[in-house]
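To keep things clear, I will list the structure first and then write my remarks on it.
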Amino acid sequence: MNVFLESHNINNKAGGLGTFNYQLIKAISNLDISNLDITLNAKHPERLQNEFKNTFKYSKYTSLERHFLFRKKTKYDVWHSLNQNTKVEPFFKPKKYILTIHDVNFVEEISTNMNHKVNKKFIEKLNRADVITYISEFAKKQTHQYFNVPNVPEHIIYNGNPSEVKIENNSFVPDFKLNQPFFYSIGDFIPRKNFLSIVKMMSFIEGYRLIISGNNQKEYGYEISKYITENNLQDKVILTGKVSDEAKQYYLENCTAFLFPSIREGFGLPPIEAMKFDKPVFLSNLTSLPEIGGDAAFYWDNFDPNYMKTFLFSKLNDFESNKHFYLEKIRTRANFFSWEKAAKEYIKLYI
């Protein structure tokens with residue numbers, strides 16, 4: 001059975017979609033897939049081939065393939081679009097087209113007009129789908145809220161934990177002095193991540209630093225950098241830029257708590273990574289985050305900086321006073337999410 005994974009977003013492992021693509025493919029590679037002939041699509045297929053060898057076949061992604069005449073002419077039994085924004089579509093109709101939806105935030109952030117080109121392209125994907133999977137119940141609810149979803153099988157398949165395996169003998173050392181306890185956050189620097197709220201909170205906190213990782217060389221990153229400078233928070237807030245897995249795990253291992261005040265998430269991978277390191281996790285109470293964090297996380301219900309600070313230290317005190325109770329919840333929740341489990345569920349849909 002020929003299976004094509006439209007996985008070209010794997011090129012950006014610093015982002016959520018790239019992480020999803022890579023971690024899912026890695027988990028699939030560890031399963032018995034001898035009855036499947038799986039092709040990966042990537043801008044740099046040689047990098048995947050170096051890692052996965054002959055486990056998969058490989059196809060080189062080019063931007064020309066976004067246009068109908070240049071689509072891949074191979075006939076596939078299964079075509080799996082690994083996210084709702086994939087740009088490459090099959091030339092020939094496969095026997096089964098599977099669409100995985102992470103979120104439809106573009107409706108709220110770009111346009112609610114269903115004639116907008118972004119929405120029209122997504123509707124085409126929906127109508128092409130024989131099976132639809134969602135990475136959370138929230139993603140399913142959000143999709144049904146805005147779109148007429150075709151009457152096809154739908155499945156919730158939760159993501160795994162990108163930090164399921166801890167890096168042994170991690171030798172990472174930051175290039176700045178860390179002489180105070182610190183809070184940590186990581187993600188793309190886009191407004192929905194709401195990093196500015198925790199930066200503002202740091203104005204009310206003494207004796208701690210805040211470290212945020214991610215590509216801050218973009219408009220929202222410049223806005224945050226400007227706020228830090230104008231409010232003399234340079235000694236309290238550090239923006240590291242993109243970080244390696246070693247650096248990320250170092251900060252997760254050594255932080256006092258993980259903060260993730262995002263206002264829109266289809267899933268939210270970083271909080272469950274922090275839980276793998278036994279850290280108390282603070283989230284907004286919006287979109288999918290309560291579903292993912294469950295009763296193992298603490299939730300802000302607004303973004304007033306003084307309230308956020310008071311809530312943070314109140315719950316940190318609870319955590320320290322009842323550590324065994326909270327650690328049991330955190331570890332159970334972190335271990336609930338497994339890439340192996342997710343990969344097996346996707347494979348069932350291919351067959």
Side-chain angles (χ1 to χ4, degrees), residues 9 12-24 82-85 100-106 108-109 133-143 156-164 183-198 210-215 220 242-243 245 248-249 251-252 255 257-301 303 308 312 315 329-339 341-342:
N9 287 111
N12 180 21
K13 292 183 188 175
L17 294 179
T19 297
F20 170 84
N21 285 10
Y22 175 74
Q23 294 287 350
L24 178 61
L82 292 181
N83 73 75
Q84 68 282 348
N85 299 322
T100 293
I101 298 175
H102 297 250
D103 63 65
V104 291
N105 289 332
F106 51 85
E108 298 168 3
E109 294 176 348
T133 70
Y134 305 90
I135 62 170
S136 64
E137 290 283 357
F138 172 79
K140 179 179 179 180
K141 178 182 176 182
Q142 187 190 38
T143 305
I156 309 297
I157 302 180
Y158 285 120
N159 294 338
N161 192 327
S163 290
E164 278 181 277
F183 306 115
Y184 187 55
S185 193
I186 187 172
D188 196 8
F189 272 71
I190 50 179
R192 81 167 79 113
K193 297 301 181 181
N194 197 24
F195 289 139
L196 190 56
S197 67
I198 52 177
L210 170 64
I211 298 175
I212 308 176
S213 296
N215 179 14
Y220 188 57
K242 288 184 180 180
V243 292
D245 286 341
K248 177 178 68 173
Q249 290 204 6
Y251 293 127
L252 289 172
C255 68
F258 184 79
L259 316 182
F260 200 71
S262 178
I263 60 175
R264 288 191 187 93
E265 291 291 330
F267 185 91
L269 290 168
I272 62 171
E273 292 188 81
M275 289 181 186
K276 198 68 178 179
F277 290 84
D278 291 346
K279 299 301 174 179
V281 169
F282 290 79
L283 310 173
S284 80
N285 65 347
L286 301 173
T287 62
S288 70
L289 291 176
E291 177 185 350
I292 303 308
D295 65 355
F298 302 112
Y299 299 93
W300 287 299
D301 58 23
F303 303 112
M308 292 181 77
L312 172 64
K315 294 305 180 183
K329 285 180 175 293
I330 288 170
R331 290 167 182 168
T332 299
R333 196 63 184 163
N335 292 330
F336 171 79
F337 299 100
S338 159
W339 287 112
K341 183 164 61 174

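Remember, it's a predicted structure, so these values are computed and weren't measured experimentally.
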Residues Phe277, Tyr184; criterion ring pair (Phe, Tyr, Trp, His ring centres under 6.0 Å); working and verdict: CA-CA 12 Å; Phe277 290 84; Tyr184 187 55; over 10 Å; no
Worked verdict on Phe258 versus Leu252 for side chain to side chain contact (heavy atoms under 4.5 Å, CB included): CA-CA 7 Å; Phe258 184 79; Leu252 289 172; 3.8 Å; yes
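Side-chain contact check for Lys279 versus Ile330: every heavy-atom pair is 4.5 Å or farther apart. Using a 4.5 Å heavy-atom threshold, the side chains of Phe260 and Glu265 count as touching. Residues Phe183 and Leu312 form a side-chain contact, since some pair of their non-hydrogen atoms from C-beta on lies under 4.5 Å apart. Contact of the Ile272 side chain with the Phe267 side chain is registered, since non-hydrogen atoms from C-beta on lie closer than 4.5 Å. A heavy-atom distance below 4.5 Å is not found between the side chains of Pro271 and Phe282. No side-chain heavy atom of Tyr251 sits less than 4.5 Å from a side-chain heavy atom of Ile186. Counting only heavy atoms from C-beta outward, the side chains of Ile198 and Ser185 approach each other to under 4.5 Å.
Using bins of under 30°, 30° to 60° and over 60° for the plane-to-plane angle, the ring pair His102/Phe20 lands in the perpendicular bin. By the 30° and 60° cut-offs, the orientation of the rings of Tyr220 relative to Phe189 is tilted.
Atom CD1 of Ile263 is separated from atom CG of Asn285 by 12.0 Å, given to the nearest 0.5 angstrom. Distance check, rounded to the nearest 0.5 Å: CG of Leu24 to CD1 of Ile135 gives 11.5 Å. Put simply, CG on Leu259 and CD1 on Ile211 are 11.0 Å apart, with the number rounded to the nearest 0.5 Å. Rounding to the nearest 0.5 angstrom, the gap separating the CG atom in Leu289 from the CH2 atom in Trp300 is 11.0 Å. Atom CG in Asn83 sits 4.5 Å away from atom CG in Asn9 (nearest 0.5 Å). For the atom pair Arg264 CZ and Phe138 CZ, the distance stands at 9.0 Å (nearest 0.5 Å).
When all heavy atoms are compared, the tightest approach of Thr143 to Ala139 is OG1-O, 2.7 Å. Closest of all the heavy-atom pairs between Pro162 and Trp339 is N-NE1, 3.5 Å. Counting all heavy atoms, side chain and backbone alike, Arg192 lies closest to Ser262 at O-OG, 3.2 Å. When all heavy atoms of Ala296 and Lys329 are compared, the pair lying nearest together is CB-O, 3.6 Å. The two atoms that bring Ser213 and Val243 nearest to each other are OG-CG1, 3.5 Å, heavy atoms only. Phe303 approaches Ser284 most closely through the heavy-atom pair CZ-CB, 3.7 Å.
Screening residues 267-278 for side-chain hydrogen bond (donor to acceptor under 3.5 Å, both in side chains), with sequence neighbours left out, gives Ser163-Glu273, Lys248-Glu273, Lys276-Asn335, Asp278-Arg331.
Of the possible polar contacts, one joining the Ser136 side chain to the Gly266 backbone as a donor-acceptor pair under 3.5 Å is found.
The side chain to side chain donor-acceptor pair (under 3.5 Å) test with Gln142 singles out one residue from Thr287, Asn105, Asp103, and that residue is Asn105.
Crowding of Lys341 atom NZ: a count of heavy atoms from other residues, nucleotides or ligands under 6.0 Å exceeding 12.
In summary, the side chains of Asn161 and Gln23 do not present any donor paired with an acceptor at a separation below 3.5 Å, with no hydrogens or angles considered.
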